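A quick write-up on the structure given underneath.
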Amino acid sequence: MRCHLYSQLPPPQNADKFDNIGNDVALFHHMADMHPRPSVVEFTKILGTIVQMKSYATAIYLHTYMESKGITPFIVSLNILMNCYCIVGQMGFAFSVIGKILKWGYKPNVVTLTTLMKGLCANGKMLDAVEIHNNLRAKGFQFDELTYGTLINGLCKNGQTSFAIQMLQKIDGPLVKPNLVMYNIVIDGLCKDGFVIEAHDLCSEMIAQGISPDTVTYSALIYGLYSAGKWSEVSLFMSRIVDQNISIDVCTFNIIVNALCKERMLSEAHAFCDVMIERGLQPDIITYTILMNGYCLIDEVDKARKLFDMMIKRGLVPDVWSYNILIKGYCKTKRVDEAKNLFGDMLLRNLGPNIISCNTLVDGFCKSGRILDAWNFVKEMPYYGRPPDATTYNILLAAYCKIEHLDQTNALFKHLMERVLLYVQGNMDKRSTDVPPSISNCMR
DNA sequence: CTAGGGTTAG
């Protein structure tokens with residue numbers, strides 16, 4: 001079976017990004033053959049550029065290549081290598097970089113250890129990170145403010161906000177002091193945990209310490225206040241921001257606009273966008289997506305579509321999220337064919353889909369009573385690079401049970417159960433290999 | 001002179 005939507009896919013739009021990396025790789029190879037050879041600092045600069053472009057595997061490869069060419073790495077290039085292994089989740093290799101550092105006669109420095117700890121925090125080894133800190137601290141190793149920022153963030157993101165607060169209070173020494181970034185992380189953590197009052201108190205404490213809140217602080221607090229339904233406080237903040245001309249960025253505006261949209265206050269949301277534009281800030285793709293979501297929430301899909309088209313006219317490239325919101329809006333108002341058209345549009349422009357786009361459509365077909373269309377679409381999904389997952393089968397089963405009152409002799413139901421069984425078995429054999437590698441690389 | 005910490009939408 002072949003799907004024509006898939007065969008019409010244009011070449012990947014990030015092709016020139018690959019070219020840039022290709023240039024860097026070629027330059028790196030070329031430099032390795034030059035006489036006299038450039039210093040390791042020059043090689044390291046290229047590694048840094050490649051890491052900036054998030055091509056961690058390439059950076060790892062080039063460092064290995066460098067070593068094979070007899071170029072002695074130094075502490076900075078090894079720290080970059082450590083960071084790459086941490087980001088791709090290869091913590092075993094990350095630890096082996098410590099061995100390399102010692103082998104070449106260097107000592108792991110504060111950057112090495114901070115990078116390693118960040119990797120541990122991000123890969124479910126929070127306790128190991130804290131333990132490394134405690135052990136080395138007991139031996140007199142001096143960490144800096146970036147280390148504590150990393151650890152405090154790790155604690156908050158791993159559901160240990162109270163521990164993070166303890167750490168924040170404990171580090172108040174002559175060499176390392178709590179700074180704005182640390183406070184912002186904890187304030188955000190408290191807000192996300194639903195402790196808005198405590199977050200607000202911590203903010204006051206921070207101000208008392210002589211640290212002024214910035215746009216990140218305001219973002220976290222406003223997000224927390226509106227999540228907790230504290231609307232009078234949110235509007236207090238908003239009017240303070242407008243009256244005192246407090247400098248905030250697009251991100252903070254987006255949080256406010258989102259809060260207004262969730263409350264179905266679309267005209268107020270538009271008014272806030274105007275304030276934003278008056279202050280010289282351009283609405284970005286997230287602003288548009290938030291507004292579109294607001295219109296879909298009140299079933300005004302055509303207004304959402306208008307915004308979508310306007311956004312494209314302004315030269316912004318929609319992403320898979322903005323498509324998904326509009327697809328969901330069409331499905332919700334039982335205009336599934338328009339949703340499917342948009343889905344095809346997304347495919348042709350090579351901007352998706354992801355599994356959520358697919359499941360939204362499946363759900364849309366089901367909710368419109370078109371279970372056969374839903375089923376046919378599920379069969380197409382592997383050709384879009386998104387084979388059905390557990391959610392897909394949940395949607396189908398729920399819809400089926402509702403419509404057919406669980407007639408177990410029905411052929412479609414039998415077929416569906418077979419597929420569910422296959423899916424479960426497949427996941428037992430090889431977890432997380434849902435996406436075939438061939439077409440998954442252009443998806444997000 | 002090259003390396004390490006924080007915020008937003010489904």
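Note that the structure is predicted; figures quoted are calculated from it, not measured. Here is how names work: the chains are called A, B, and so on, in the same order as the sequence lines, proteins then strands, and each is numbered from 1.
For D319(A) and dG10(B), a side-chain-to-base donor-acceptor distance below 3.5 Å is absent, hydrogens and geometry of angles not being considered. Residue-to-nucleotide contacts include a donor-acceptor pair under 3.5 Å from the side chain of T114(A) to the base of dG4(B).
Remark: P of dA9(B) and CG of L297(A) are 15 Å apart, rounded to the nearest angstrom. The distance from atom CD1 of I256(A) to atom P of dA9(B) is 13 Å, rounded to the nearest whole Å. In this entry the distance linking CZ of F143(A) with P of dG5(B) reads 16 Å, nearest Å. In this structure, CD of E42(A) is placed 9 Å from C1' of dC1(B), rounded to the nearest angstrom. Nucleotide dT8(B) holds its C1' atom 14 Å from the CG atom of L281(A), rounded to whole Å. The distance from atom CG of D249(A) to atom C1' of dG6(B) is 12 Å, rounded to the nearest whole Å. Summarising the geometry, the separation between CZ on F308(A) and C1' on dG10(B) is reported as 14 Å, rounded to the nearest angstrom. Here dT8(B) presents its C1' atom at 14 Å from CG of D214(A), a figure rounded to the nearest Å.
Residue N83(A) places its side chain closer to dG4(B) than to any other of dT2(B), dG5(B), dG4(B). If you check dA3(B), dG5(B), dA9(B) against the side chain of K262(A), the one that comes closest is dA9(B). Residue I80(A) has its side chain nearest to dA3(B) when only dA3(B), dG5(B), dT7(B) are considered. Of the candidate nucleotides dG4(B), dG10(B), dT2(B), dG10(B) has the atom lying nearest to any side-chain atom of N354(A). In this structure, of dG6(B), dA3(B), dA9(B), it is dA3(B) that holds the atom nearest to the side chain of V76(A). The side chain of T115(A) approaches dG4(B) more closely than any other nucleotide in the set dG10(B), dG4(B), dG5(B).
Distance OH/Y323(A) to CZ/F343(A): 11.5 Å, rounded to 0.5 Å. With values rounded to the nearest 0.5 angstrom, L342(A) atom CG is found 5.0 Å from L326(A) atom CG.
Contact annotation: K45(A) side-chain N/O to dT2(B) OP1/OP2 distance is not under 4.0 Å. Between N258(A) and the phosphate of dT8(B), there is no side-chain N or O to OP1/OP2 separation shorter than 4.0 Å.
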Under 3.5 Å, side-chain donor or acceptor atoms of residues 257-278 of chain A against the rest of the protein: list the pairs with distances, not counting sequence neighbours.
residue: N258(A); atom: ND2; partner: Y226(A); partner atom: OH; Å: 3.0
residue: E263(A); atom: OE2; partner: W231(A); partner atom: NE1; Å: 3.3
residue: H270(A); atom: NE2; partner: Y295(A); partner atom: OH; Å: 2.8

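I211(A) is linked by a side-chain contact (heavy atoms from CB on, under 4.5 Å) to L180(A), Y183(A), M206(A), counting only residues two or more places apart in sequence or in another chain.
Within 4.0 Å of N359(A), counting heavy atoms only, lies no atom of the nucleic acid at all. Among the protein residues, N254(A) comes within range of the nucleic acid bases, having at least one heavy atom under 4.0 Å from a base atom. I356(A) comes within contact range of at least one nucleobase, with a heavy-atom separation under 4.0 Å. E145(A) comes within contact range of at least one nucleobase, with a heavy-atom separation under 4.0 Å. Here T147(A) lies in heavy-atom contact (under 4.0 Å) with a base. Across all strands shown, F43(A) has no heavy atoms under 4.0 Å from either base or sugar-phosphate atoms. Note on I185(A): only backbone sugar-phosphate atoms sit closer than 4.0 angstrom, heavy atoms only; bases stay farther off. Among the atoms of the strands shown, none is found under 4.0 Å from any heavy atom of V51(A). In this structure, N184(A) reaches the bases: a heavy-atom distance under 4.0 Å links it to at least one base atom across the strands shown.
Within a 6.0 Å sphere centred on CD1 of I197(A), other residues, nucleotides and ligands contribute 12 heavy atoms or fewer. Residue L102(A) qualifies as enclosed at atom CG: its count of foreign heavy atoms under 6.0 Å is above 12.
A salt bridge is defined here as a Lys NZ or Arg NE, NH1 or NH2 lying under 4.0 Å from an Asp or Glu carboxylate O, and D249(A) with R279(A) fails to meet this definition.
Taking the six-membered ring where tryptophan is involved, the planes of F377(A) and F365(A) are tilted, since the angle between them lies from 30° to 60°. Between Y148(A) and H133(A), the ring-plane angle classifies as perpendicular under the 30° and 60° cut-offs.
Residues from residues 322-336 of chain A with heavy atoms under 4.0 angstrom of DNA chain B, sorted by number: N324(A), K328(A).
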